[in-house]
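Step one of this worksheet: look at the structure below.
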Amino acid sequence: MLKSGITVRWLLTTILVIALILACISATIVLGLRDYYYDTVEGKLQSLGQSGVIADYFSSYLDSADDAFSSRAQEYVDNFQDINVAELWVINKQGDIIASSTGFISESEIYPDYEDALQSVSGRALWQGAMSSGEKVMALSVLLPKTNGNSNGAIRYIISLEAVDIQVWKIVLVVSIVCLFALMLVVISGLFFIRSIVTPVKRINAAARTIAAGNYSQKIEINKRYDDELAELAESINYMTAEIDKTDKIKNDFISTVSHELRTPLTAIKGWTETLLCINESQDETINSGLRVIQNETERLYSLVEDLLDFSRMQSGRITLRLQKIDIIAELDDAVYVLRDRATREGKEIFYSSPDYPAPVNADPDRIKQVFVNIIDNAIKYTPAGGRISIVAMIGSDSIKIKVADTGCGISAEDLPRIKEKFYKANLSAKGSGIGLAVCDEIVSLHKGTLDITSVLGEGTEVCITIPTLPVNLSERKDS
Ligand code: ADP
């Protein structure tokens, strides 16, 4: 489409410049030819009005009576050879036209060249203008020799410029058609050229977006027809993507291996801490509190390792669900139960409301609970003491909505669109890996549901999980 892309810029710059150049060349050709034609007309007038020939013809009649001069003038007009090229007038000493080669004399005619000739030293003057009929002409007045300083009239030759002008207009038309044709050729060939650039650029751009979204298997198709810079760019991007893909795989494998390696000793530490706490209970308070610190920190490390394992499973598409028909409300009850104590300990109030009847869904109970725990855990984590977390479940006709809203720090509009990205943390000072929401989003998507987050910085956040429900057997609801 014509946006402010390369095509429009090319049309505006190149085509405008070419059009301007063509217009200048055409104007030069047309004006040059017009001048040439006008010069030819002037040359013809000058060759007709040779002063010597005229003076010879009228020499014996200059001082004779008007009648004798008139008949000599008529004779001169009648013998005029170039009647098809020019018109001839004879003007007497009073300045009146007394003979014309067309036989038609107009009283209202103007002939400024005659006045100019009277003033000029050479006794000749040229004029270009319109006759009383509107016809454009070029005229030359040649004075008859003066006697005692007095004028004896003049001979005037007139050539119409209409035919010349028609010829000039014809040339203008031909030159314009040729220029338009040339411009069209430039536009068509240019558009083909621009398309051969814009189309691969668009393809590269689309591929770059896909790669930026994390799909490193994306390859840009290379057009073998043009082995040019764009094909080279596509090749470089393909090479770059392959390299990123390789290092990404190495990184994922490393995370997976390290997480597995860490989990085994952590499980042992966790188990032994619990055992020692049981054995040592109420004997030595210092050892007890030390063991509790180890227990809490191991718990934290363990959940971080679990997050990392989930991340590497997600990266390699290995998050699998053990789907079964479950009551999702029961899983939510469990998650709230697990976290309520912690919230109370931290001085945060939990308000929980759910329907009294079950909501059957086809889901993996562990994964679904993991999502609830993660979202509620976040709400507790990012809400200061004295704040409130509200968890509300609402069953619709074909889905269930679980809304977890808090009165915490909120997320800025800038961070909100990126919050579900892996490792993205809006709050860098808070503890956490930044993977939780990405994993939750993936799990919810695998259940064909959605996870939407709305938030206002400084006011709070609301996370809404929507999961499709199975058709309900009404007797189930009545029984419960
Ligand atoms: P983390 O382990 O860092 O909490 P998550 O993926 O769960 O990772 O969350 C990503 C980021 O989203 C967090 O670092 C935090 O900045 C922001 N966030 C998530 N939930 C909330 C919430 N309820 N209130 C404010 N910020 C939140």
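Note that the numbering runs from 1 along the sequence shown for the chain. Order of listing sets the numbers, starting from 1, for every ligand and every atom in it.
Taking the charged nitrogens against the carboxylate oxygens, K270 and E274 have no contact shorter than 4.0 Å, which rules out a salt bridge. With respect to K136 and E162, no salt bridge is recorded, no charged nitrogen being found less than 4.0 Å from a carboxylate O. Between D245 and K249 there is a salt bridge, since at least one side-chain N of the basic residue sits less than 4.0 Å from a carboxylate O of the acidic one. By the 4.0 Å N-to-carboxylate-O rule, R313 lies close enough to D310 to be salt-bridged with it.
For F311, the ring pair (Phe, Tyr, Trp, His ring centres under 6.0 Å) partners are F423, not counting sequence neighbours.
Below 4.0 Å from some heavy atom of A426 lie the following atoms of ligand 1, by number and element: 14 (O), 16 (O). Numbered from 1 in the order shown, with element, the atoms of ligand 1 that lie under 4.0 Å from a heavy atom of Y424 read 10 (C), 11 (C). Residue contact check: C409 has heavy atoms under 4.0 Å from atoms 25 (C) of ligand 1. Near I435, meaning under 4.0 Å from any of its heavy atoms, are these atoms of ligand 1: 6 (O), 8 (O). For ligand 1 and K381, the ligand atoms under 4.0 Å from any heavy atom of the residue are 1 (P), 2 (O), 4 (O).
Protein heavy atom closest to atom 5 (P) of ligand 1, with residue, atom name and distance, is L437 N, 3.6 Å. Of the protein's heavy atoms, N378 ND2, 2.7 Å lies nearest to atom 7 (O) of ligand 1. Ranking the protein heavy atoms by distance from atom 17 (C) of ligand 1 puts I419 CD1, 3.7 Å first. Here the protein heavy atom with the shortest distance to atom 23 (N) of ligand 1 is D406 OD2, 2.9 Å.
Of the options V463, T461, I411, D377, the smallest heavy-atom separation from atom 24 (N) of ligand 1 is shown by T461. Which of A405, G408, G460, G434 comes nearest to atom 8 (O) of ligand 1 through a heavy atom is settled by distance: it is G434.
Judged by the 6.0 Å and 45° rule, R34 forms a cation-pi pair with Y38. Geometric assessment of R388 against the ring of F351 yields a positive cation-pi assignment under the 6.0 Å and 45° thresholds.
Atom CG of residue L321 and atom CZ of residue R367 lie 7.5 Å apart, to the nearest 0.5 angstrom. Here the straight-line distance linking atom CZ of F372 with atom CG of D333 works out to 10.0 Å at 0.5 Å rounding.
Between Y382 and ligand 1, an N or O atom pair is found at a separation short of 3.5 Å. Backbone and side-chain nitrogen or oxygen atoms of G410 are examined, and none is located within less than 3.5 angstrom of a nitrogen or oxygen of ligand 1.
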